[in-house]
Amino acid sequence: MLLYSIKSGREAMQIDDIKKLLEQTYWADKRDIGIIKKSIDNSLCYGAFLKEGGKQIGFSRVITDYATTYYICDVIVDEQHRGLGIGKTMLDAIHDNKEVSSLRGILVTRDAHDFYRKYGFQEGGNLYMGKAREEVSESSVLKVKVDE
């Protein structure tokens, strides 16, 4: 009997639990709550929730243009609940989403290659290039007013 369920959609996500989950990662452990909220607002989100109590114990996001490419990111399961197939179940839900499953999928990982190979992902050799995110405060962002 499964002790958790998978839900999708921004409205189901629990920001405080997601922040705690991301603090367990090497890639987003210092991510600001405002950035987390904005990333959720602009992504397809999936979460794993305990059936008893409803606490969110897993999170993953998909960024896509719905036409050519999707990017899987922030796949994380609470360390107390790892090894139960929760990450696999979240990836199955993403894979079952017909809006993105037929598109080109990409992701970045330094240590989960075997996990993602099961979903058809392959190493891309020297194809990947990246640009680090610039730390910018809200007050320094140029605000443009658009006349209506």
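What you see below is based on every heavy atom in this structure, not just the backbone, and it leaves out hydrogens, waters and symmetry mates. For the single chain, residues carry numbers from 1 onward in sequence order.
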Q.
For the CD1 atom of I18 and the CG atom of L21, what is their distance to the nearest 0.5 Å?
A. 7.5 Å
**Q.** Side chains of S60 and I94 in contact at under 4.5 Å (non-hydrogen atoms)
**A.** yes
**Q.** Hydrophobic cluster identity match, W27 and V108, side-chain contacts under 4.5 Å
**A.** no
Q: Count the heavy atoms belonging to other residues, nucleotides or ligands that lie under 6.0 Å from CD of Q122, then report whether that count exceeds 12.
A: no
Q: For D29, look at atom CG and say whether over 12 heavy atoms of other residues, nucleotides or ligands are found less than 6.0 Å away.
A: yes
Q) Can you list the residues that meet the side-chain contact (heavy atoms from CB on, under 4.5 Å) rule with D32, with sequence neighbours excluded? A) I35
Q.
As an exercise, state the distance from CG of D96 to CD1 of I6, rounded to the nearest 0.5 Å.
A. 11.5 Å
**Q.** Close side-chain approach of T69 and T64, heavy atoms under 4.5 Å
**A.** no
Q. Side-chain heavy atoms under 4.5 angstrom apart, residues restricted to Ile, Leu, Val, Met, Phe, Trp, Tyr: same cluster for L107 and L103?
A. yes
Q.
Given 3.5 Å as the limit, does a donor-acceptor pair link the side chain of K19 with the main chain of R31, or not?
A. yes
Q. Looking only at heavy atoms, what is the nearest atom pair of A12 and Q56, with distance?
A. O-OE1, 4.5 Å
(Q) So I72 and L91, do their side chains get closer than 4.5 Å, heavy atoms only? (A) yes
Q: Answer whether the closest heavy-atom distance between the side chains of I40 and I15 falls below 4.5 Å.
A: yes
Q: Begin from the C-alpha positions of K88 and D92 and carry the test salt bridge (Lys or Arg N to Asp or Glu O under 4.0 Å) through to its verdict.
A: CA-CA 6 Å; K88 179 185 179 314; D92 288 344; 3.1 Å; yes
Q.
As an exercise, state the distance from NZ of K37 to CG of N42, rounded to the nearest 0.5 Å.
A. 14.5 Å
Q | Any side-chain heavy-atom pair of Y46 and D74 under 4.5 Å | A | no
Q | Considering all heavy atoms, the nearest M13-G47 contact | A | CE-N, 3.5 Å
Q: May I ask you to say whether D17 pairs ionically with K55, meaning some side-chain N is under 4.0 Å from a carboxylate O?
A: yes
Q.
Tell me whether the NZ or CZ atom of K7 lies within the 45° cone about the ring axis of F49 and under 6.0 Å from its centre.
A. yes
Q) Of the non-hydrogen atoms in L44 and Y66, which two are nearest, and what is the gap between them? A) CD2-OH, 3.1 Å
Q: State which residue, out of Q80, H81, E79, fulfils the side-chain contact (heavy atoms from CB on, under 4.5 Å) condition with V77.
A: H81
Q) Any side-chain heavy-atom pair from Y70 and I63 closer than 4.5 angstrom? A) no
Q: State whether D78 and R82 are salt-bridged, where the test is any N-O pair (Lys NZ or Arg NE/NH1/NH2 against Asp/Glu carboxylate O) under 4.0 Å.
A: no
Q.
As an exercise, state the distance from CD1 of I33 to NZ of K38, rounded to the nearest 0.5 Å.
A. 15.0 Å
Q | Student check: side-chain heavy atoms of R10 and D41 closer than 4.5 Å | A | yes
Q) How long is the span from the CZ atom in F59 to the CD1 atom in I76, to the nearest 0.5 Å? A) 11.0 Å
Could you give the side-chain donor-acceptor pairs of residues 109-116 under 3.5 Å, partners two or more places apart or in another chain?
residue, atom, partner, partner atom, Å
T109, OG1, D111, N, 3.3
T109, OG1, A112, N, 3.1
D114, OD1, R117, NH1, 2.3

